[in-house]
Structure formats: C-alpha cells, structure tokens
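Numbering of ligands and ligand atoms starts at 1, following listing order. If you read the sequence from its start, that first residue is 1, and numbering goes on from there.
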Amino acid sequence: MGLRRSGKSSIASVVFHKMPPNETLFLESTTRIQKDSIHSFMDFQVWDFPGQLEYFESAFDLEDIFGSLGALVWVIDAQDDYLDSVARLNRTILTVQQFYPGINIEVFIHKVDGLSDEYRTDTFQDIVQRISDELSDAGYENAPVHYYLTSIYDYSVFEAFSKVIQKLIPNLSTLENLINTLANNCGFEKTYLFDVLSKIYIASDTRPVDMACYEMCSDYIDVIVDISELYSWDHPVRKRLGDQIQEAESHVVLHDQTMIHLMEMNKYLCLVSVIRNPEAKDKRGLIDMNCRTFQDALNEVFSRSWEGGSTAQEGESA
Ligand code: GDP
C-alpha cells in the first residue's frame, strides 16, 4: 500500500519478476487490487493496492482486505512530500492494530537513491518520529512496525523484502540455528539461504549482514543460473554424459583468496556461503559433506513445519 507513484508496482516487478529497474519508468498506474501468486519454498501472494483509495470507507469489506494478510508493506516516496502518506499510514496502522493486531506493518521509506546521506537519515528519523508519536498517543507502545530505507536501484529492496518474508516463515529460528551450526563448523564468514528466483534470502546465520557480502552472493546465483541454463540437462542438442547429481554445486576463489560456495538445496532454495580462509579450497569435500547434512536437516524442518503449520500458513498468505 502507499500513495500513487510511490513505487509499489516497481518494487513487486523488480523483486518478483526480475524487471530491470530502468524499465519501471514505463509501468502503468494500478487501478484495482492486483494479486500476484508466488509459488516457491512457501506459496504466498503479493497484493498491489491502488494508492488513492480509502480502504476504511464502508464500501470496502475490511475482512476481505486484511483478514488473510501476514504483512502490510507501506511504501513512502522519500523524494516527494510525504506528510499525506504518513497521515494515511497512521490511520491505517491504528485501524489494523485495533482489528488485526497480528499483521506486521513494514514501512519502506523508498526511492532513497536520490537523497544525500544526511537527508536520508533526517527523513528516516522524521518519519519514524511522526509514526511513533501517533502510536503512543493512541496507547500502542509496542506495535509491530518496522522501517527500511529502500531503492530499486540497489540491493536494499531485496534486503528489506527478505526481512519481511522471514517474519512469515514458521520455524525461522530453527533454520537460523542450523545455519549457525553449519557456519561455525565450516568457518564460513556469512551464509545465506536464498530463494533462487527472487534472490531474497529466507534465512542467514545471525552475524550482522554485510551488504557487499550479500551482493557478491546474489550475483553469484545469477552466474550459476546462466551457466545452468546453457548446459541444462534438457538442452536440445547436447546429450548428457551419464548420471548427474540433481542439485548444482559450485565454488569460486576470488583474487583475495575469498571463496564463494554455492549448493542448491531443492527446487527453490540454494545455500551460498562466503569463506575467507585460504585453506578452504583444499577442504571442499568436507564443506560439501557438511552442506549435504544441512540439506537433510532443512528438508526435514520444511516437511514438518508445512505438515503441522498448514493452517497457520494459510492465515499468513499475503
Ligand atoms: P505505484 O503507483 O506506487 O505502483 O508506483 P510505480 O511503481 O508505478 O512507480 C512510480 C515511479 O517511481 C516510476 O517511474 C518508477 O520508475 C519510479 N521508482 C520506483 N522505485 C524507485 C526508486 O527506488 N528510485 C527511484 N529514483 N525511482 C523509483
């Protein structure tokens, strides 16, 4: 949600449909609610709401709109006058808090690529202040509202969407614990579990996220996807040479001896790790074996949480 031209459709197209950011200039304005189904490691929908409508007027059925939401992403154009958007957001938060307190409110302070560092920080603080004042006046001290600085011209929007989706995953802490154990035992500096199609990460180890590291891993997925397409099994001309392993595995050693290690976990997910230890390349067999053990654990977690959590998941679909 958010005002017209704030960047909602652009974000959905760039993150979920690989649209190059420059092409969003030609997107048409949304006039009705657009529902986009994403089938991946978990099925969910992204709804794009036209900006100018007041959803709390009696013409709209609140239950239809908010009843099945897991997260509400509100996009604010930080390059424009944002007071109207913040006022509407405040009204929305108060209603959502009253009737649907379980919905996470995710505020994207968007298009920050055009702002200086100083102006960016001021804008962020001003918006957070205006919203928290309104919330505390209404008696909501711990409302689930989170803020992100985003732009489609860098990785920030992927990082922000990763955080939004992570909060909707059942058993996220189990996944993080498993990744922590793997990363500690193998000496990985950082490990991400990526959704290959959107390149949002659904979990990582709990060390701080380093943007450069994330970019490197994300770019490496592109390289592997391109190469896999070139040499895929069902290539019309080339024949496969005997049995092949199901999932792609790959690593590269960079000029500073950093190794990036990638292993597909299943149809949708792949594990990408950054290893700074120069001896790592001689221990590939051990690293692969540990990643396979992680893969077994991961598939077990998913089969259990999906079995036991199907109703919770249906309730958290958007
Ligand atoms: P919507 O009406 O909220 O869906 O807005 P659109 O997605 O149609 O975007 C409106 C305009 O904002 C388009 O021209 C986009 O190219 C532009 N835009 C979207 N995201 C960004 C961003 O991160 N930075 C900049 N500079 N422009 C953006």
Pair Glu159-Tyr214, side-chain donor/acceptor within less than 3.5 Å: no
Residues Glu106, Lys167: salt bridge by 4.0 Å N-O rule: yes
Atoms in ligand 1 with a heavy atom of Leu25 nearer than 4.0 Å: 14 (O), 16 (O)
Contacting atoms of ligand 1, where contact means under 4.0 angstrom from a heavy atom of Asp113: 22 (C), 23 (O), 24 (N), 25 (C), 26 (N)
Among Arg5, Met19, His110, closest by any non-hydrogen atom to atom 11 (C) of ligand 1: Arg5
Thr24 neighbourhood, listing ligand 1 atoms whose heavy-atom distance to it stays under 4.0 Å: 13 (C), 15 (C), 16 (O)
Residue and atom name of the nearest protein heavy atom (relative to atom 6 (P) of ligand 1), distance in Å to one decimal: Ser10 OG, 3.4 Å
Name of the residue among Val225, Leu262, Val274 meeting side-chain contact (heavy atoms from CB on, under 4.5 Å) with Tyr220: Leu262
N-O pairing of Asp77 and Lys111 below 4.0 Å: yes
Heteroatom distance test (Arg4, ligand 1): nitrogen or oxygen, under 3.5 angstrom: no
Subset of ligand 1 atoms that lie under 4.0 Å from at least one heavy atom of Gln79: 26 (N)
Identity and separation of the nearest protein heavy atom to atom 12 (O) of ligand 1: Lys111 NZ, 3.0 Å
Nearest neighbour in protein (non-hydrogen) for atom 5 (O) of ligand 1: Gly7 N, 3.1 Å
Close N or O approach (Leu27, ligand 1; < 3.5 Å): no
Within-shell test, Glu28 vs ligand 1, heavy atom, strictly < 4.0 Å: no
Modelled atom types, side-chain donor and acceptor of Tyr192 and Lys199, under 3.5 Å: no
Asp48, any N or O under 3.5 Å of ligand 1 N or O: no
Contact with ligand 1 for Gly2, non-hydrogen, under 4.0 angstrom: no
Pair Trp74, Ser85: side-chain N/O donor-acceptor within cut-off below 3.5 Å: yes
Minimum-distance protein heavy atom relative to atom 23 (O) of ligand 1: Ile152 N, 2.9 Å
Atoms of ligand 1, numbered as shown, that sit under 4.0 Å from any heavy atom of Lys8: 1 (P), 2 (O), 3 (O), 4 (O), 5 (O), 7 (O)
Tyr201 ring center near Phe158 ring center (under 6.0 Å): no
Check: Asp133/Gln129 side-chain N/O donor and acceptor closer than 3.5 Å: yes
Atom indices of ligand 1, in the order listed, that fall short of 4.0 Å to a heavy atom of Leu3: 3 (O)
Tyr100 and Glu63: side chain donor to acceptor below 3.5 Å: yes
Ligand 1 atoms in contact with Ser151 (distance to a heavy atom under 4.0 Å): 23 (O)
Check: Ser9 N/O within less than 3.5 Å of ligand 1 N/O: yes
Sidechain N-carboxylate O distance under 4.0 Å for Arg130, Asp126: yes
N or O pair under 3.5 Å between Pro21 and ligand 1: no
Hydrophobic cluster membership, Ile200 vs Tyr268, 4.5 Å side-chain cutoff: yes
Criterion side chain to side chain contact (heavy atoms under 4.5 Å, CB included) on Val164 and Phe108, from CA distance to verdict: CA-CA 10 Å; Val164 171; Phe108 283 17; 3.9 Å; yes
